[in-house]
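All chains are named by letter (A, B, ...) in the order of the sequence lines, taking the proteins before the strands, and each is independently numbered beginning at 1.
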Amino acid sequence: MQNSEFAKLFYEISELLELKNENPFKIRAYQKAARNVEDLSKNLTEIYKSDGLKGLEEIPGIGKNIAEHIEEIIKTGKLKKYESLKKEFPRGLIELTNIPGMGPKTAIKLRKELGIDSVKKLEAAAKAGKINNAANILRGIDLKKRSRGRYLIDDAASHAELIVNELKKIKGIKKILPCGSLRRGQETVGDLDILVVSENPGPVMDAFTRLPYVKNILAKGKTKSSVILKNGMQADLRVVPEKSFGAAAHYFTGCRAHNIHIRQLAQKKGWKVSEYGIFKGKKQIGGETEEDLFEKFGLQYIPPELREMRGEFEAAAKDQIPKLVELKDIKGDLHMHTKATDGANTIAEMAEAAKKLGYEYILITDHTKSTRVAHGLTGKEMLGHLGKIKSIKGIKVLAGVEVDILKDGSLDYPDEILKQFDLVVASIHSNFKMPKEQMTARVIRAFQNKYVNIFSHPTGRLINEREPYQIDLEEILKAAKKYNVAIEVNAHPKRLDLTDIWCKRAKELGVKVVVSTDAHSTDQLQLMKYGILTARRGWLEKKNVLNCLSHDKLLKSLHAK
DNA sequence: GCCGTTTTCGGCCCGACTGTTTTCAGTCG
Ligand SMILES: Nc1nc2c(ncn2[C@H]2C[C@H](O)[C@@H](COP(=O)(O)OP(=O)(O)OP(=O)(O)O)O2)c(=O)[nH]1
Ligand SMILES: [Mg+2]
Ligand SMILES: [Mg+2]
Ligand SMILES: [Zn+2]
């Protein structure tokens, strides 16, 4: 079983325990365990096999009980506790709690009083007038049906920008800052969380809830409002006074576990942290800015991308928060397509656009013949295509290729062709469904080719569309190190592949990383920023990212194989 | 259920909004 499946199971147990009206801290313990398992790069099954229960208990948030759960699942493929909970509370009951505003208490009450244990039955009862605030509930059901779950980061960012631009027009607003998972640069975003500084929140709330993009108002108060936008996305607004800006930005940026941790640190010092500041008794002693908030705790500033409860507090206490890579450090883009295959622009157009971004170089990487859907080229066609590269003033246009790794790990072009490119990017575009060991061996065989320099979109996942193929990334990273292959962080919001966690692992293993857009048009060259966010979430520094190097040093580093 | 450099038992973040609650529970951020 995959870690993600263990995590899902523990989340589900926590929901079932809520319905059972269990101790809220027990519920949180399961959520915490799920979260920590999700964040692990090592497989739980492997940990158990090598270090047993003791190994499992070393994972934060996993103690004797949950370790035994994991053991039971590995040994029997089932968990009795979960099976019996599931019998007690049908799936439909959990679905009821997914309706906004409806929690476990209400769901249980509905079942007890009206025999309702599914959204369908609730809808019918509401329409038949058997329920108190039927209108609200029907609205909630409707919202749930329309909501698309989690959004791609570029989608969230563009909607945040629309709202920010509208809010800017309001008088008396001193600051506007989108926070939450968007500010942390998470690969998907559940909702928009926008912070506003104003000493006069009333008019801000009025304006926010009347925005043209707003479809429903979920809540509207003095300091906080929530709305549903026309596209189904939720947007939350907090308004605080200037003196609370830092604490509020910190609170609203999260993550939740990170917030709880800093509040616990405050308790130990006899202080209190809330979104309004750091307090000693009634007196505010800090939190005007985020920098001040961390400083008051003797902590180095923690960038939003690292606020995930993944070791940032330990690092900050020791002054070991790395100087994270930035967009301005990027000197070139090493993955892009042109009209010759499935791109929209010519080589010259891509080069001009890249030059405008201030890049020193780009690598043209069109598809090879096996990727027929993308009109992949034969070796001869490819060399002809790249032969048309004219020197363009102010930017180096490198001749590259995104060569298919075939089913057996051989490449779509022979070495005589491959050796003619400046750099070779390799990736998987077919035969996704094969056992993990076979896929891993296939890719490692490709790494052994003398001319392969970069492995692109290593898991092939498409967020919200396609699961990653089965591949042992730990082995892939080790092989990448051995054969001097750089691993790509594909910056496209649908991919973001490698993920943040695996970026961190790559750094630990000393594997070189490149951040590339895989642009299929000049516009898409600007997606680089999302790849950078992912790299930053993976604790990567400028020195870990090869396309922060100048052209000469880049080629030298990759050609050493 | 987890955890511990004051604790192996007794804590576990803190606050906003809604509804009918006249002093709080439920839900959510
Ligand atoms: N102290 C504290 N802060 C919370 C809690 N829940 C949420 N927050 C803070 C941290 C979150 O990042 C921020 C926004 O809440 P969201 O529910 O929108 O979560 P977030 O944006 O992190 O993830 P999302 O992508 O929206 O699911 O509010 C909580 O229980 N306690
Ligand atoms: Mg959010
Ligand atoms: Mg939110
Ligand atoms: Zn590509």
A.B. asks: In this structure, how many angstroms lie between the C1' atom of dC14(B) and the NE2 atom of His258(A), rounded?
C.D. replies: 15 Å
A.B. asks: Considering only atom P, compute the distance from dT20(B) to dC3(B) and round it to an integer number of Å.
C.D. replies: 41 Å
A.B. asks: Report the distance from atom CD of Gln264(A) to atom P of dC3(B), rounded to the nearest whole Å.
C.D. replies: 12 Å
A.B. asks: Could you measure the distance from the CD1 atom of Ile532(A) to the CD atom of Glu326(A)? Nearest 0.5 Å is fine.
C.D. replies: 9.0 Å
A.B. asks: Scan nucleotides 22-29 of chain B nucleotide by nucleotide, 5' to 3', and note B when protein non-hydrogen atoms come under 4.0 Å of the base, S if they reach only the sugar-phosphate, - if neither.
C.D. replies: ----SSSB
A.B. asks: Could you tell me how far dG29(B) sits from dC13(B) if I compare only their C1' atoms? Round to whole Å.
C.D. replies: 12 Å
A.B. asks: At a cut-off of 3.5 Å, list every protein nitrogen or oxygen paired with a nitrogen or oxygen from nucleotides 6-8 of chain B, distance to 0.1 Å.
C.D. replies:
none

A.B. asks: Listed by chain and number, what are the ring pair (Phe, Tyr, Trp, His ring centres under 6.0 Å) partners of Phe279(A), not counting sequence neighbours?
C.D. replies: none
A.B. asks: Drop me the distance from Asp292(A)'s CG to Thr289(A)'s OG1, to the nearest 0.5 angstrom.
C.D. replies: 4.5 Å
A.B. asks: If you look at every heavy atom in Gly254(A) and Arg307(A), which pair is closest and at what distance?
C.D. replies: O-CB, 3.3 Å
A.B. asks: Looking only at atom C1', what distance separates dG10(B) and dT6(B), rounded to whole Å?
C.D. replies: 14 Å
A.B. asks: Reckon Asn136(A) touches a base, only the sugar-phosphate, or nothing at all at heavy-atom distances under 4.0 Å?
C.D. replies: sugar-phosphate
A.B. asks: With rounding to the nearest 0.5 angstrom, report the OG to CG distance, Ser14(A) to Leu85(A).
C.D. replies: 10.5 Å
A.B. asks: Round to a whole Å and report the spacing from CZ of Arg139(A) to P of dG19(B).
C.D. replies: 9 Å
A.B. asks: Once you round to the nearest 0.5 Å, how far does SG of Cys503(A) lie from CG of Leu540(A)?
C.D. replies: 4.5 Å
A.B. asks: By a strict heavy-atom criterion of less than 4.0 Å, which residues belonging to residues 9-28 of chain A are in contact with DNA chain B?
C.D. replies: Asn23(A), Phe25(A), Lys26(A), Arg28(A)
A.B. asks: Measure from CD on Gln31(A) to C1' on dC12(B) and round the result to the nearest Å.
C.D. replies: 13 Å
A.B. asks: Rounding to the closest angstrom, what is the interatomic distance between dT21(B) and dA25(B) at atom P?
C.D. replies: 13 Å
A.B. asks: Roughly how many Å is it from CE in Met309(A) to C1' in dC13(B), rounded to a whole number?
C.D. replies: 12 Å
A.B. asks: Looking only at atom types and distance, does a side-chain atom of Ser244(A) sit under 3.5 Å from a main-chain N or O of Ala247(A), one as donor and one as acceptor?
C.D. replies: no
A.B. asks: With rounding to the closest Å, how many angstrom separate the C1' atoms on dC12(B) and dT7(B)?
C.D. replies: 14 Å
A.B. asks: Between Trp271(A) and Phe297(A), what is the ring plane arrangement, given parallel below 30°, perpendicular above 60°, and tilted in between?
C.D. replies: perpendicular
A.B. asks: Nearest-Å distance, CD1 (Ile260(A)) to C1' (dC3(B))?
C.D. replies: 15 Å
A.B. asks: Does dT7(B) adopt a syn or an anti glycosidic conformation, taking syn as a chi angle within 90° of 0?
C.D. replies: syn
A.B. asks: For the residue pair Asp500(A) / Thr534(A), report whether a side-chain donor-acceptor contact shorter than 3.5 Å exists.
C.D. replies: no
A.B. asks: Tell me which nucleotide, if any, is Watson-Crick or G-U wobble paired with dT8(B) when both distances must be under 3.5 Å.
C.D. replies: none
A.B. asks: Determine whether the side chains of Tyr276(A) and Gln284(A) contain a donor N or O and an acceptor N or O closer than 3.5 Å.
C.D. replies: no
A.B. asks: Would you say Gln31(A) and Tyr11(A) are linked by a side-chain donor-acceptor pair, where the criterion is simply a distance under 3.5 Å?
C.D. replies: no
A.B. asks: Under the 3.5 angstrom rule, does the side chain of Glu312(A) hit a backbone N or O of Arg310(A) as a donor-acceptor pair?
C.D. replies: yes
A.B. asks: Where along residues 61-81 of chain A does a heavy atom fall under 4.0 Å from DNA chain B?
C.D. replies: Gly61(A), Ile62(A), Gly63(A), Lys64(A), Asn65(A), Ile66(A), Lys81(A)
A.B. asks: Answer with base, sugar-phosphate or nothing: what part of the nucleic acid does Lys272(A) contact at a heavy-atom distance below 4.0 Å?
C.D. replies: sugar-phosphate
A.B. asks: Please report, rounded to the nearest Å, how far the C1' atom of dG4(B) is from the CD atom of Glu58(A).
C.D. replies: 16 Å
A.B. asks: Given the side-chain rings of Phe313(A) and His258(A), with only the six-membered ring counted for Trp, is the space between their centroids under 6.0 Å?
C.D. replies: yes
A.B. asks: Quick one: is dC14(B) close enough that its OP1 or OP2 comes under 4.0 Å of any side-chain N or O from Gln267(A)?
C.D. replies: yes
A.B. asks: The criterion is ring pair (Phe, Tyr, Trp, His ring centres under 6.0 Å); which residues satisfy it with Tyr301(A), sequence neighbours excluded?
C.D. replies: Phe294(A)
A.B. asks: In whole angstrom, give the distance that lies between atom CD1 of Ile217(A) and atom P of dC17(B).
C.D. replies: 14 Å
A.B. asks: So how far is it from Ile27(A) CD1 to Ile13(A) CD1, rounded to the nearest 0.5 Å?
C.D. replies: 12.0 Å
